[in-house]
Amino acid sequence: MKKKIGKFVYWAPRILSILFILFLMLFSLDVFEGNYGFWGTIAGLFIHNIPALILLIILLISWKYEIVGGIAFILAGLLYVILLMRNPFEWYYLAWAVQISGIAFLIGILFLIGWVKKK
């Protein structure tokens, strides 16, 4: 039983991170609605995917060093909430905060649990 919990704690944050990064990359698909040309579309895709690419680099580092993933994903969730609250508050911001930062917090906590279990 203990071995299954160990595997879950190891794989859950990694798989959730991959799914979360793919989810964030979905938001960049709106660049195809505009008429930007080839290079404009490439630039738009790159700019829209900068947060996802940063999280991908963090995931690659945290695959071995789980403390990095724990801290970085929690900080990414906090950064999103801070950036979201700069605007005048609307009720639907709560749903955005749960969908984006809540998942980032969960992934960060799972990485931290894995780091503690490893020690």
Side-chain angles (χ1 to χ4, degrees):
M1 182 75 176
K2 190 173 184 178
K3 192 128 178 126
K4 287 187 178 189
I5 294 173
K7 284 185 177 185
F8 175 79
V9 170
Y10 180 82
W11 284 108
R14 288 156 177 83
I15 292 170
L16 284 175
S17 297
I18 293 168
L19 293 174
F20 181 58
I21 291 167
L22 290 173
F23 174 70
L24 290 178
M25 287 182 161
L26 282 175
F27 293 114
S28 68
L29 296 178
D30 69 341
V31 80
F32 291 110
E33 291 178 1
N35 190 10
Y36 302 116
F38 178 74
W39 291 111
T41 303
I42 296 296
L45 282 172
F46 176 72
I47 290 170
H48 278 80
N49 284 320
I50 288 175
L53 293 173
I54 291 170
L55 287 177
L56 181 63
I57 292 168
I58 291 169
L59 173 62
L60 294 174
I61 294 169
S62 61
W63 206 279
K64 184 172 183 177
Y65 304 104
E66 293 170 328
I67 186 74
V68 173
I71 293 171
F73 274 93
I74 290 173
L75 287 177
L78 285 174
L79 177 66
Y80 182 75
V81 169
I82 290 169
L83 292 175
L84 190 64
M85 292 302 149
R86 287 187 323 168
N87 301 324
F89 182 76
E90 296 287 337
W91 66 270
Y92 55 85
Y93 287 175
L94 295 175
W96 288 357
V98 169
Q99 290 174 2
I100 304 294
S101 63
I103 297 169
F105 290 146
L106 175 66
I107 292 168
I109 290 168
L110 287 172
F111 269 123
L112 289 176
I113 290 171
W115 176 70
V116 168
K117 294 259 186 204
K118 190 187 267 187
K119 291 180 87 175

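The structure displayed is predicted, hence computed values, not measured ones.
- Residues in residues 102-112 take part in no side-chain hydrogen bond (donor to acceptor under 3.5 Å, both in side chains) pair, two or more places apart or across chains.
- Phe111 and Gly70 make their closest contact through CB-N, 3.4 Å (heavy atoms, listed as atom of the first residue, atom of the second, distance).
- Leu84 and Ile50 fall within the same hydrophobic cluster, where Ile, Leu, Val, Met, Phe, Trp and Tyr residues are linked whenever their side-chain heavy atoms come under 4.5 Å apart, directly or through other members.
- Remark: Leu94 engages Phe89 in a side-chain contact (heavy atoms from CB on, under 4.5 Å) (not counting sequence neighbours).
- Among residue pairs with one or both ends in residues 71-89, none qualify as side-chain hydrogen bond (donor to acceptor under 3.5 Å, both in side chains); sequence neighbours excluded.
- Other cluster members for Leu79: Leu83, joined by side-chain heavy-atom distances under 4.5 Å among Ile, Leu, Val, Met, Phe, Trp and Tyr.
- Between atom CD1 of residue Ile67 and atom CD1 of residue Ile61 there is a gap of 13.5 Å, rounded to the nearest 0.5 Å.
- Here Phe105 pairs with Ile74, Leu78, Ser101 under the side-chain contact (heavy atoms from CB on, under 4.5 Å) rule; sequence neighbours left out.
- Shown here are the side-chain contact (heavy atoms from CB on, under 4.5 Å) partners of Glu90, two or more places apart in sequence or in another chain: Tyr92, Tyr93.
- Applying the side-chain contact (heavy atoms from CB on, under 4.5 Å) test to Ala12 and every residue at least two apart in sequence or in another chain returns Phe8, Leu110.
- The ring pair (Phe, Tyr, Trp, His ring centres under 6.0 Å) pairs that include a residue from residues 23-53 are Phe23-Phe27, where partners are two or more places apart or lie in different chains.
- Residue pairs meeting the salt bridge (charged side-chain N to carboxylate O under 4.0 Å, His left out) criterion with at least one partner in residues 17-33, sequence neighbours excluded, are absent.
- Among residues two or more places apart in sequence or in another chain, the side-chain hydrogen bond (donor to acceptor under 3.5 Å, both in side chains) test is passed with Trp63 by Tyr10.
- When side chains are defined from C-beta on, Leu55 counts as touching Phe73, because their heavy atoms get closer than 4.5 Å.
- Listed by chain and number, the residues in a side-chain hydrogen bond (donor to acceptor under 3.5 Å, both in side chains) with Ser28 are Asn49 (sequence neighbours excluded).
- For residues 9-25, the set of pairs meeting the salt bridge (charged side-chain N to carboxylate O under 4.0 Å, His left out) definition, not counting sequence neighbours, comprises Arg14-Glu66.
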